[in-house]
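Letters A, B, ... are given to chains in the order of the sequence lines, protein chains preceding strands, and every chain is numbered from 1. Just so it is clear, the values below take in all heavy atoms, side chains as well, and ignore hydrogens, waters and symmetry mates.
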Number of protein chains: 2
Amino acid sequence: MGRPCEFDREETLSKAMELFWERGYKATSIEDLVDRMGIKRGSIYNTFGDKHSLFIAAVEYYAKEVTSRTIKILESPGSPLENIKLFFETIVNTPSDKKKRGCLISNTVVELAPHDEKVADTVRIILERIQNAFLHCLDKAVELGELPEDTDTKVLSHFLATSTHGLIVTGKSAVDNKQMKDVVDVILSTLH
Amino acid sequence: MGRPCEFDREETLSKAMELFWERGYKATSIEDLVDRMGIKRGSIYNTFGDKHSLFIAAVEYYAKEVTSRTIKILESPGSPLENIKLFFETIVNTPSDKKKRGCLISNTVVELAPHDEKVADTVRIILERIQNAFLHCLDKAVELGELPEDTDTKVLSHFLATSTHGLIVTGKSAVDNKQMKDVVDVILSTLH
DNA sequence: GTTTTAATTGAATGATTGTTCAACAATCAA
DNA sequence: TTGATTGTTGAACAATCATTCAATTAAAAC
């Protein structure tokens, strides 16, 4: 009962997420959010609580919408090693203007995680999800004979997760595409 | 002539750098800087200009004092491959509380470089310096027969620079030391 | 000792920050 | 129709932000 919402919760949250993704947490003001989300201050506080809560909701939305889609590449049927290759090619083939946003999770790790426990916990769960996707993918590769039986898949999954971070940071500064493709080749060469 | 400075420029700049390193640009206020640097607002503006200029000075000071020291590991005499190993071991062996600060350059790439051309230029030069150090180190390794003649040292140097970024971001979130050591082993395994 | 030059100081600036709130509007149950 | 309930709205809040400035202090030049 009561007056019904005039906006779609997910739609506005998506817009907030985009803004945090582009600018980071501190550099995004409530006024910026009001402009982008298309709803008034009161409605934001009413629906999402304060800025900090909204940010965490945005990060979780990012994980659900963006990260999940990337993880699905690793989980798709077919050759696991080919999927991992596809995963990194997707990162490299992102257009350079979008590449400058990097990844909301990596950005958050750098900007907030060290000083904000709540954010750190939120982000840690998402990072573990990515790492697990790598691990399962590698395990499947061993099962299918694409990797030797004695492969240390756990260590390799940690390496791939770290490499992902590295590529994203590199992409945010000097965005030389050939350079990044070469790096991906070296990363993939560790899987043989 | 005129009244002499009562503080040491480098000493206060060093303190400003430490604060930016710990908290980032946006999260550090002038008041925070006044407290940490031990000089009044006026003296800061007098000596370093505005906040943005002070930050760039701090980044350059970081490059001169911190980054240079790390690069010297790569340039020191003896086995180049051993030096690279030492380089990464230094990163991993940083105590975990200090590891959360990460690297001021990486942090700046993520927080500011995409939106701030002046900062981006400053940082790009420093990143190129690191990459060149890797390159020279690898070239020397080829000369000394530690790496095969046909090694693509340029590509490998890009890979090592990217890996450095990756390790630093990983260090800022879940700081499992064994995990990071394992990753370093994989990184180093590409050099054989 | 007077003048000149520059650093220090603390108060004040206006802009922006995140957040709250009272008045109003729209729906539902009675 | 009348309350109850909830969303919308825009103004207002105190706090903090980066920055400026006039008054003061200290040294060097004359």
Side-chain angles (χ1 to χ4, degrees), chain A residues 1-59 61 107-108 111-112 115-119 122, chain B residues 1-59 61 107-108 111-112 115-119 122:
Chain A
M1 67 169 88
R3 182 172 173 173
C5 246
E6 293 180 1
F7 58 90
D8 182 60
R9 198 197 126 96
E10 288 239 328
E11 197 177 312
T12 54
L13 181 55
S14 165
K15 285 173 180 169
M17 178 270 277
E18 294 270 351
L19 203 54
F20 281 130
W21 190 2
E22 288 167 19
R23 307 195 192 168
Y25 179 72
K26 278 262 175 187
T28 304
S29 72
I30 301 286
E31 213 186 343
D32 294 334
L33 289 163
V34 169
D35 292 344
R36 180 69 76 94
M37 294 169 80
I39 59 177
K40 295 287 155 61
R41 291 174 140 68
S43 298
I44 296 180
Y45 279 89
N46 223 325
T47 315
F48 301 102
D50 61 10
K51 190 190 175 189
H52 193 258
S53 304
L54 171 59
F55 181 74
I56 289 184
V59 168
Y61 184 82
N107 298 351
T108 304
E111 189 193 353
L112 293 180
H115 305 94
D116 190 323
E117 252 188 82
K118 186 96 173 47
V119 167
T122 306
Chain B
M1 71 169 90
R3 181 172 174 173
C5 245
E6 292 181 2
F7 58 90
D8 181 61
R9 200 196 124 96
E10 288 239 326
E11 198 177 311
T12 53
L13 180 55
S14 164
K15 284 173 182 167
M17 178 269 276
E18 294 270 350
L19 203 54
F20 281 129
W21 190 1
E22 288 167 19
R23 305 194 195 170
Y25 179 71
K26 278 265 177 186
T28 303
S29 72
I30 301 287
E31 211 187 344
D32 293 336
L33 289 163
V34 169
D35 292 344
R36 180 69 76 94
M37 295 169 82
I39 60 177
K40 294 287 155 61
R41 290 176 141 68
S43 298
I44 295 180
Y45 279 89
N46 224 326
T47 315
F48 302 101
D50 61 10
K51 190 190 174 188
H52 193 258
S53 304
L54 171 59
F55 181 74
I56 290 184
V59 167
Y61 184 82
N107 298 351
T108 303
E111 190 195 352
L112 293 181
H115 304 95
D116 189 324
E117 252 188 82
K118 186 95 173 47
V119 167
T122 306

Problem set entry | Distance test, side-chain N/O of K40(A) to OP1/OP2 of dG10(D), below 4.0 Å | yes

Per-pair distances, 0.1 Å, donor-acceptor, side chain in residues 36-46 of chain B, under 3.5 Å, sequence neighbours excluded:
residue: R36(B); atom: NH2; partner: E22(B); partner atom: OE1; Å: 3.0

Exercise. Can you list, by residue number, the residues of residues 17-29 of chain B that have a non-hydrogen atom closer than 4.0 angstrom to DNA chain C?
Worked result: none

Exercise. Atom CG of L54(B) to atom P of dT19(D): distance rounded to whole Å?
Worked result: 10 Å

Exercise. Is the side chain of E111(A) donor-acceptor paired with the backbone N or O of K26(A) at a distance under 3.5 Å, no angle test?
Worked result: yes

Seminar exercise, completed: Per-nucleotide protein contact along nucleotides 19-30 of chain C, 5' to 3', at a 4.0 Å heavy-atom cut-off (B base, S sugar-phosphate only, - neither), is BB----BBBS--

Seminar exercise, completed: From CG of D8(A) across to P of dG7(D) the rounded distance in Å is 15 Å

Exercise. When you check the phosphate oxygens OP1 and OP2 of dT8(C), does a side-chain N or O of S43(B) lie under 4.0 Å from one of them?
Worked result: yes

Seminar exercise, completed: Separation between CG (D8(B)) and NZ (K15(B)), nearest 0.5 Å, reads 9.5 Å

Exercise. How long is the gap from CG on L112(A) to CD1 on I56(A), to the nearest 0.5 Å?
Worked result: 9.5 Å

Seminar exercise, completed: From CZ of R9(A) across to P of dG7(D) the rounded distance in Å is 12 Å

Problem set entry | K51(B) to Y25(B) six-membered ring, cation-pi geometry met (6.0 Å, 45°) | yes

Problem set entry | For T47(B), all residues meeting side chain to side chain contact (heavy atoms under 4.5 Å, CB included), sequence neighbours excluded | F7(B), R9(B)

Exercise. Rounded to the nearest 0.5 Å, what separation is found between the OG1 atom of T12(A) and the CZ atom of F48(A)?
Worked result: 3.5 Å

Seminar exercise, completed: Between F20(A) and A58(A), the two heavy atoms sitting closest are CD1-CB, 3.8 Å

Exercise. Can you check whether E10(B)'s main-chain N or O pairs, donor with acceptor, with S14(B)'s side chain at less than 3.5 Å?
Worked result: no

Problem set entry | Interatomic distance where CD belongs to E31(A) and P belongs to dA15(C) [whole Å] | 13 Å

Seminar exercise, completed: The correct list of stems in which DNA chain C takes part (3 or more consecutive Watson-Crick or G-U pairs, distances under 3.5 Å) is C:1-13 with D:18-30, C:15-17 with D:14-16, C:19-23 with D:8-12, C:25-30 with D:1-6

Seminar exercise, completed: Atom CD1 of I44(A) and atom P of dG10(D) are separated, to the nearest Å, by 14 Å

Seminar exercise, completed: Separation of dT16(D) atom P from L33(B) atom CG, nearest Å, is 16 Å

Exercise. Considering residues at least two apart in sequence or located in another chain, which fulfil the side chain to side chain contact (heavy atoms under 4.5 Å, CB included) criterion with S29(A)?
Worked result: E31(A), D32(A)

Problem set entry | Gap between atom CG of L54(A) and atom CG of L13(A) - 0.5 Å precision | 6.5 Å

Seminar exercise, completed: Between CD1 of I39(A) and P of dG7(D) the distance, given in whole Å, is 12 Å

